[in-house]
Number of protein chains: 2
Amino acid sequence: MCKTSSTEEKIKAAAKRVFITKGFSACTSREIAKEAGMNVALVNYYFRSKNQLFLIIYQTVMHDFMLSMMEVFSTELSLKEKVSLLIDREYEFLTKHPEIPTFVLNEMARNKDSGIQIHETLNNFAQTGVFNEAANAQKSGEMRQVDMVSLTMLIMANCQHPFMARLLTQQLHGMTDEEYNMQIIKHKEIIKEMILNYLFPIKVSNE
Amino acid sequence: MCKTSSTEEKIKAAAKRVFITKGFSACTSREIAKEAGMNVALVNYYFRSKNQLFLIIYQTVMHDFMLSMMEVFSTELSLKEKVSLLIDREYEFLTKHPEIPTFVLNEMARNKDSGIQIHETLNNFAQTGVFNEAANAQKSGEMRQVDMVSLTMLIMANCQHPFMARLLTQQLHGMTDEEYNMQIIKHKEIIKEMILNYLFPIKVSNE
DNA sequence: AATGATTTTAAACACTTGTTTAAAACAAAT
DNA sequence: ATTTGTTTTAAACAAGTGTTTAAAATCATT
């Protein structure tokens with residue numbers, strides 16, 4: 001009875017790879033089985049169906065995707081430091097898992113009317129305390145008057161999009177993989193400075 | 001012989017809708033035929049195969065997607081005005097066609113190793129003259145030292161991502177469709193100010 | 001070594017897929 | 001009205017899909 005967890009984990013790992021890279025609709029049960037080095041029937045023996053297996057993978061990926069964000073929000077840093085750290089963490093995560101944002105957004109779209117329910121992680125988001133913190137920072141004048149929705153949109157957009165649009169941007173500028181890797185590192189400092197300068201404007205004279 | 005163009009256009013319109021909303025892998029030939037209100041065989045009578053039909057749709061969509069960007073770059077405005085106008089145009093386009101960026105990026109990813117060749121529009125991008133213009137603006141000190149790759153990344157990310165991540169962001173903040181529509185309008189002014197302030201810093205004292 | 005449960009496989013099932021065929025419906029021209 | 005060519009359809013095809021079945025292989029326990 002020791003083979004159980006081993007093969008079960010092997011299937012999950014294989015399914016995660018296949019689902020994330022090709023998406024639910026563009027891959028087959030047999031493809032997942034082959035990736036895991038076994039029979040199709042065995043996959044269904046452990047997980048009943050392709051859809052059931054997918055739901056499990058989807059939830060863990062969704063969890064990973066949201067976790068780094070949430071963690072930073074729960075730290076004791078100042079709001080400015082939090083934003084800076086959040087960009088670092090996002091970049092760190094996306095460097096390791098560049099296909100996850102696309103995967104999450106695609107599968108959310110595929111099941112928008114029925115099926116998958118949103119992971120609870122999403123609902124816990126509003127209770128991290130940053131929202132009050134940001135409201136106070138805005139009242140005190142420390143931070144610019146930007147609502148939390150736009151704040152999260154700014155950070156998500158500037159962090160995620162460069163990873164999501166890699167192929168397009170590379171083609172657009174005729175860059176190699178290695179060149180784009182360098183670019184994306186350089187780009188992090190740019191968006192960090194841009195966002196922080198915008199949210200926490202420097203009021204010293206310069207001219 | 002007058003029915004030809006009519007049905008052909010009907011098929012193309014239906015295919016465009018279906019391909020864009022569900023993606024190539026997640027839709028079937030019969031689904032496209034049904035959307036066009038006709039038989040499956042008729043679709044293949046005009047376009048030979050699902051793949052052939054897709055390639056035609058893909059190219060027109062890709063063309064539309066790139067066109068608004070290119071047009072702005074060819075105007076006679078100042079660089080700062082160009083960036084501002086570009087954001088407006090992008091927003092205008094994305095409001096009308098919010099699913100296109102996701103569609104383009106997904107289908108590029110699906111055919112990254114073989115199959116679809118990149119539309120020529122992408123290759124013409126480097127010859128719009130903005131690149132030299134930006135280089136000069138940077139030398140003169142008018143514009144911050146940001147390479148063209150990061151410049152395009154900034155604009156694309158902040159314009160496209162809010163439309164691509166609509167579902168996620170809405171769920172994250174518990175917003176209705178109408179609320180998000182308002183948010184996205186407000187957000188345009190935010191990113192415009194943020195990007196312009198960053199690229200063309202104001203050097204007047206404030207304290 | 002034999003038993004019984006668990007794990008794995010090969011084969012089959014019903015169904016959907018993209019595509020093709022051959023016949024029907026239609027239009028235009030004689 | 002008949003002929004000719006074009007457009008549309010219903011039906012079929014082979015291949016691939018998710019899923020199930022029943023038998024084989026493996027394991028732990030006696």
Side-chain angles (χ1 to χ4, degrees), chain A residues 1-59 61 103 106-107 109-111 113-116, chain B residues 1-59 61 103 106-107 109-111 113-116:
Chain A
M1 204 195 273
C2 58
K3 276 185 174 180
T4 303
S5 67
S6 173
T7 39
E8 202 172 308
E9 292 309 314
K10 249 195 278 182
I11 295 172
K12 282 211 264 188
K16 196 169 176 178
R17 282 195 298 273
V18 176
F19 278 140
I20 285 180
T21 51
K22 317 228 323 184
F24 180 86
S25 304
C27 78
T28 71
S29 305
R30 283 168 179 81
E31 194 176 352
I32 293 170
K34 199 170 193 177
E35 173 83 12
M38 60 190 62
N39 198 294
V40 207
L42 196 52
V43 173
N44 279 359
Y45 172 74
Y46 281 101
F47 296 95
R48 288 175 50 121
S49 73
K50 181 192 177 186
N51 206 60
Q52 186 107 348
L53 174 57
F54 173 80
L55 285 173
I56 291 166
I57 301 300
Y58 178 77
Q59 286 199 9
V61 171
F103 168 77
N106 277 339
E107 300 303 337
R110 190 173 62 85
N111 298 289
D113 12 58
S114 69
I116 297 178
Chain B
M1 203 195 272
C2 55
K3 278 186 176 180
T4 304
S5 66
S6 172
T7 39
E8 203 173 310
E9 292 309 315
K10 249 195 279 183
I11 295 170
K12 281 211 264 189
K16 197 169 176 178
R17 282 195 297 274
V18 176
F19 277 140
I20 285 181
T21 51
K22 317 229 322 184
F24 180 86
S25 304
C27 78
T28 72
S29 305
R30 283 169 179 82
E31 194 176 351
I32 293 170
K34 198 170 191 176
E35 173 84 11
M38 60 188 65
N39 199 293
V40 205
L42 196 53
V43 173
N44 279 0
Y45 172 73
Y46 280 101
F47 297 95
R48 288 177 50 121
S49 72
K50 180 191 179 187
N51 206 62
Q52 186 106 349
L53 174 57
F54 173 80
L55 286 174
I56 291 167
I57 301 300
Y58 179 77
Q59 286 198 9
V61 172
F103 168 78
N106 277 339
E107 299 304 335
R110 191 174 60 87
N111 298 289
D113 13 58
S114 70
I116 296 180

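The sequence lines fix the lettering, A, B, ..., with proteins before strands; numbering per chain opens at 1.
For A:Asn106, the side chain to side chain contact (heavy atoms under 4.5 Å, CB included) test picks out A:Thr102, B:Thr102, B:Asn106, with sequence neighbours left out. Take A:Lys50 and apply the salt bridge (charged side-chain N to carboxylate O under 4.0 Å, His left out) test, not counting sequence neighbours, and it matches no residue.
With contacts defined as side-chain heavy-atom distances shorter than 4.5 Å, the pair B:Lys12/B:Phe47 qualifies.
Dashed line: the shortest gap from a side-chain N or O of A:Ser29 to OP1 or OP2 of D:dT17 is not under 4.0 Å.
Side-chain proximity of A:Lys50 to C:dT19, D:dT7, D:dT19: nearest is D:dT19. Comparing C:dT19, D:dT8, D:dT19 against the side chain of B:Leu42 picks out D:dT8 as the nearest. For A:Ser49, counting side-chain heavy atoms from C-beta on, the closest listed nucleotide (C:dT20, C:dT7, D:dT19) is D:dT19.
Atom C1' of nucleotide D:dG18 and atom CZ of A:Phe54 are separated by 16 Å, given to the nearest angstrom. We find that CG of B:Asn44 is positioned 12 Å from C1' of C:dT17, with the value rounded to whole Å. Rounded to an integer number of Å, the gap from A:Phe47 CZ to C:dT7 P is 13 Å. The CE atom of B:Met38 sits 7 Å away from the P atom of D:dT8 (whole-angstrom rounding). B:Tyr45 places its OH atom 5 Å from the C1' atom of D:dT7, with the value rounded to the nearest Å. Remark: P of C:dG18 and CD1 of B:Ile32 are 8 Å apart, rounded to the nearest angstrom. When rounded to the nearest whole Å, the span between CD of A:Glu8 and C1' of C:dT6 equals 14 Å. The nearest whole Å value for the distance from the CZ atom in B:Arg48 to the P atom in C:dT21 is 12 Å.
Across all non-hydrogen atoms, the minimal contact from A:Asn44 to A:Ser49 is OD1-CA, 3.7 Å. Pairing each heavy atom of B:Leu42 with each of B:Ile11, the nearest pair is O-CD1, 4.1 Å. B:Ala15 and B:Leu53 get closest at one heavy-atom pair: CB-CD2, 3.7 Å. Contact record, B:Ile32 with B:Ala14: O-CB, 3.9 Å, taken as the closest heavy-atom pair.
Taking CZ from B:Arg48 and CG from B:Leu55, the interatomic distance works out to 11.5 Å, rounded to the nearest 0.5 Å. How far NZ of A:Lys16 is from CD of A:Glu9: 10.0 Å, rounded to the nearest 0.5 Å. Expressed to the nearest 0.5 Å, how far OH of B:Tyr45 lies from CE of B:Met38 amounts to 12.5 Å.
With ring centers used as reference points, A:Phe19 lies under 6.0 Å from A:Phe54.
For DNA chain C, runs of at least 3 consecutive pairs of the Watson-Crick or G-U wobble type, with both hydrogen-bonding distances under 3.5 angstrom, map to C:1-30 with D:1-30.
Contact check of residues 15-25 of chain B against DNA chain C (heavy atom, cut-off under 4.0 Å) returns no residues at all.
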Would you list the atom pairs, donor with acceptor, under 3.5 Å between side chains in residues 21-30 of chain B and any protein atom, with sequence neighbours excluded?
residue, atom, partner, partner atom, Å
B:Thr21, OG1, B:Arg17, O, 2.8
B:Thr21, OG1, B:Val18, O, 3.2
B:Lys22, NZ, B:Glu31, OE2, 3.0
B:Thr28, OG1, B:Glu31, N, 3.0

What nitrogen or oxygen pairs link the protein and nucleotides 10-16 of chain C at under 3.5 Å?
residue, atom, partner, partner atom, Å
C:dA10, N7, A:Asn39, ND2, 3.3
C:dA12, N6, A:Arg30, NH2, 3.4

